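See below for the structure under consideration.
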Amino acid sequence: MELRSVEELMDLLYACRGTRDAPALGSARVDLHQHALQTAALLRRARPADKELQVAGLVHAIGPLLRPGDVTRHSDSAADAVRPLLGERVSHLVRDHCRAREIADDDLLRLHQADEEGRSVEFDAGVLEDWRAVLELVASRNSPLGAAN
């Protein structure tokens, strides 16, 4: 599946509400919608100017909705789905965030840390609608699809 508009992406992110992930060994299962908001909010605090990194945090966990039951392909599925709309960098961050220690990339490491912290810390991360303008901005910069929306 390839996401063609910010509206499609927003619908998918809303659909994450109530869906729990299959956790890595030793971590708790989390609501994907809340986890996405918390991860993005943590990245906004850490890197306020890096909208692509924040958006990667927001969309990194959509894989279970795209490929239910296929835990090994969640990151790839999410990365492939967002690439046409959000660009190569966001796709790369989503695809490789679980391998941050192997790749030794500062942005991947920051996303991985926010992903982990977003599983263990509960805080009010706002609402999804707060991210619409950021998603539209990143889409307009990275995709002819986004510029049309």
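Keep in mind that this is a model prediction, so the values were computed, not measured.
- Across all non-hydrogen atoms, the minimal contact from W131 to A41 is CZ2-N, 4.0 Å.
- With rounding to the nearest 0.5 Å, the separation of CG in D11 from CG in L65 is 11.5 Å.
- Between L32 and A61 the shortest heavy-atom distance is CD1-O, 3.6 Å.
- Of all heavy-atom pairs spanning E129 and Y14, the tightest one is OE1-OH, 3.5 Å.
- Of all non-hydrogen atoms in G57 and L43, the two that sit nearest each other are CA-CD1, 3.7 Å.
- At distances below 3.5 Å, not a single donor-acceptor pair connects side-chain atoms of H33 with backbone N or O atoms of A15.
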Let me see the working for L13 and L37 under side chain to side chain contact (heavy atoms under 4.5 Å, CB included), right down to the final yes or no.
-> CA-CA 10 Å; L13 289 165; L37 292 173; over 6 Å; no

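- The minimum heavy-atom distance linking L111 with H97 is given by the pair CD2-CB, 3.4 Å.
- For E122, the salt bridge (charged side-chain N to carboxylate O under 4.0 Å, His left out) test picks out no residue, with sequence neighbours left out.
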Result block: side-chain N/O donor-acceptor pairs under 3.5 angstrom for residues 78-87, not counting sequence neighbours:
| residue | atom | partner | partner atom | Å |
| --- | --- | --- | --- | --- |
| D80 | OD1 | R83 | NH2 | 3.4 |
| D80 | OD1 | R95 | NH2 | 2.6 |
| R83 | NE | E88 | OE2 | 3.3 |

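- Salt-bridge annotation for R110 and D50: absent, with no side-chain N of the basic residue lying under 4.0 Å from a carboxylate O of the acidic one.
- The two residues E7 and R132 come nearest to each other via the heavy atoms OE1-NH1, 2.7 Å.
- The line from NZ of K51 to CD of Q54 is 4.5 Å long, rounded to the nearest 0.5 Å.
- Tested against H60, the residues V55, V90, D115 include a single side-chain contact (heavy atoms from CB on, under 4.5 Å) partner, D115.
- Each salt bridge (Lys or Arg N to Asp or Glu O under 4.0 Å) pair with one or both residues in residues 35-45, not counting sequence neighbours, would appear here, but there are none.
- Rounding to the nearest 0.5 Å places CD1 of I103 at 3.5 Å from CG of D96.
- Under the rule for a salt bridge (charged side-chain N to carboxylate O under 4.0 Å, His left out), the partners of E2 that lie at least two apart in sequence or sit in another chain are R4.
- Going from atom OG1 of T39 over to atom NE2 of H112 covers 11.5 Å, rounded to the nearest 0.5 Å.
- Under the salt bridge (charged side-chain N to carboxylate O under 4.0 Å, His left out) criterion, R141 pairs with no residue at all, not counting sequence neighbours.
- Going from atom CG of N142 over to atom CG of L137 covers 9.0 Å, rounded to the nearest 0.5 Å.
- No option in R89, H92, R47 other than R89 meets the side-chain hydrogen bond (donor to acceptor under 3.5 Å, both in side chains) test with E52.
- In this structure, the side chain of Q38 does not engage the main chain of R119 through any donor-acceptor pair within 3.5 Å.
- Checked against salt bridge (charged side-chain N to carboxylate O under 4.0 Å, His left out), D124 has no partners two or more places apart in sequence or in another chain.
- Rounding to the nearest 0.5 Å places CD1 of I62 at 5.5 Å from CG of L3.
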